[in-house]
Amino acid sequence: MIKQIFTITPFLFFIVSTAISQSGFPSSHGYWEGDWGSDTPFNIYLEPGENGAMSGTITWSLTYYDFKENKRVEVYPKEFLKGTWNAKTGLLILNTVSEEDPHELVVPGYYQMQMDVSGAVMKGFTTSSYGGITKTEITMTRIRA
């Protein structure tokens, strides 16, 4: 039984990779979630435009300490993004164009993500200029289309 699985697996891999190379990756449109590192979760909504254009909104889940109130406060700033989606390669590139962040906790960033063949996960990195150039690996998981 194990030998049969190993002999079938390369054939299935060839079929899947051929189908992806011919038809491209699944749409990146929809709701995704991830973690920027150091336990900083986010949700992102991606909306495709024409000719590979992409826009998105990241809603961050952040906590800061309010010294006036003497307590921790949870806030949800937003980061608005524009960029491109390449359906043939599964590459997503986004840049911050504006923010909705009254507490000034979010820093503009550059995001480069690669979708896996299943269309359920994107992995990549983000860079920002907070305290110098920082590069952080991130993973996003599709919640729903």
Return the NZ to CZ distance between K82 and F80, rounded to the nearest 0.5 Å.
10.5 Å
When the ring planes of F125 and Y110 are compared, do they come out parallel, tilted or perpendicular, using 30° and 60° as the limits?
tilted
State, without any angle test, whether E47 and Y45 hold a side-chain donor-acceptor pair at a distance under 3.5 Å.
yes
Euclidean distance, M54 CE relative to N86 CG, rounded to 0.5 Å:
10.5 Å
Can you confirm whether E74 is buried at CD, in the sense that more than 12 heavy atoms of other residues, nucleotides or ligands lie under 6.0 Å from that atom?
yes
Using every non-hydrogen atom in the two residues, find where M122 and S28 come nearest and quote the distance to one decimal.
CE-CB, 3.7 Å
Heavy-atom side-chain contact between V106 and E99 under 4.5 Å
yes
Shortest non-hydrogen contact from D116 toward A120
OD1-N, 3.4 Å
For the residue pair S61 and Y76, what are the closest heavy atoms and their distance?
OG-CE2, 3.6 Å
Side chains of T134 and S128 only: does a donor on one sit below 3.5 Å from an acceptor on the other?
yes
Hey, are the side chains of F42 and T59 touching, using non-hydrogen atoms and a 4.5 Å cut-off?
no
Is E100 close to P77 at the side-chain level, that is, under 4.5 Å between some pair of heavy atoms?
no
As an exercise, state the distance from CG of L46 to CG of L94, rounded to the nearest 0.5 Å.
6.5 Å
Where is the tightest heavy-atom contact between P26 and G119, given as atom of each residue plus distance?
CG-CA, 3.8 Å
Under 3.5 Å side-chain donor-acceptor pair for N70 and Y65
yes
Can you find a heavy atom in the side chain of Q112 that is under 4.5 Å from one in the side chain of L92?
no
Trace of the side-chain contact (heavy atoms from CB on, under 4.5 Å) decision for M113 with M140:
CA-CA 9 Å; M113 306 295 293; M140 301 186 324; 3.9 Å; yes
Any idea how F25 and W85 line up, ring-wise: parallel (<30°), tilted (30 to 60°), or perpendicular (>60°)?
perpendicular
Gap between atom CD1 of I44 and atom CZ of R142 - 0.5 Å precision:
12.0 Å
CG-NZ distance between D66 and K71, expressed to the nearest 0.5 angstrom:
7.5 Å
Pairing donors with acceptors under 3.5 angstrom, does anything connect the side chains of E79 and T96?
yes
When rounded to the nearest 0.5 Å, the distance separating CG of D35 from OG1 of T40 is 6.0 Å
Does one hydrophobic cluster hold both W60 and L105, with members joined at side-chain heavy-atom distances below 4.5 Å?
yes
Would you call L81 and Y111 a side-chain contact if the rule is heavy atoms closer than 4.5 Å?
yes
